[in-house]
Amino acid sequence: LYAKQDLDGIVYQECPQPSDPKGNLRNAEEYGYTNGVILASSGHIRVAVAPDTAKVEYVRNDGSVAHAYAIKPR
């Protein structure tokens with residue numbers, strides 16, 4: 001499960017399990033993710049931090065980037 005949801009100016013991020021070959025969505029609502037980006041698949045999160053932005057990428061096990069977003073400083 002990969003989930004990214006914004007609420008009240010805060011990013012809530014559920015990280016996928018790299019070892020889960022099924023990668024299903026059964027737990028999304030259980031964890032409180034009811035909207036935003038919710039994807040099934042196993043993979044990992046890659047974060048690059050710079051002074052002007054933080055870039056977050058969800059990378060699937062095959063190496064493809066399934067979702068990406070940036071966070072700007074306040």
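Nothing here was measured: the structure is a model prediction, and the numbers come from that model.
The CG atom of N61 sits 8.5 Å away from atom NE2 of H44, with the distance rounded to the nearest 0.5 Å.
The only member of V37, V47, I45 that meets side chain to side chain contact (heavy atoms under 4.5 Å, CB included) when paired with Q13 is I45.
Applying the side chain to side chain contact (heavy atoms under 4.5 Å, CB included) rule to A66 yields the partners L39, Y58, R60; only residues at least two apart in sequence or on another chain are considered. Here Y69 pairs with H67 under the ring pair (Phe, Tyr, Trp, His ring centres under 6.0 Å) rule; sequence neighbours left out. Among residues two or more places apart in sequence or in another chain, the side-chain hydrogen bond (donor to acceptor under 3.5 Å, both in side chains) test is passed with D52 by none. Residues forming a side chain to side chain contact (heavy atoms under 4.5 Å, CB included) with N35 (at least two apart in sequence, or on another chain): Q5.
Of all heavy-atom pairs spanning A68 and V65, the tightest one is CB-CG1, 4.3 Å. In plain terms, the two heavy atoms of T53 and A70 that are nearest each other are OG1-CB, 3.6 Å. Contact detail for P73 and P51: the closest heavy-atom pair is CG-O, 4.0 Å.
The salt bridge (Lys or Arg N to Asp or Glu O under 4.0 Å) contacts involving residues 64-74 comprise nothing, where partners must be two or more places apart or lie in separate chains. Sorted by first and then second residue, the pairs that involve residues 38-47 and meet salt bridge (Lys or Arg N to Asp or Glu O under 4.0 Å), not counting sequence neighbours, are R46-E57.
Side-chain atoms of D62 come within 3.5 Å of backbone N or O of S64 as a donor-acceptor pair.
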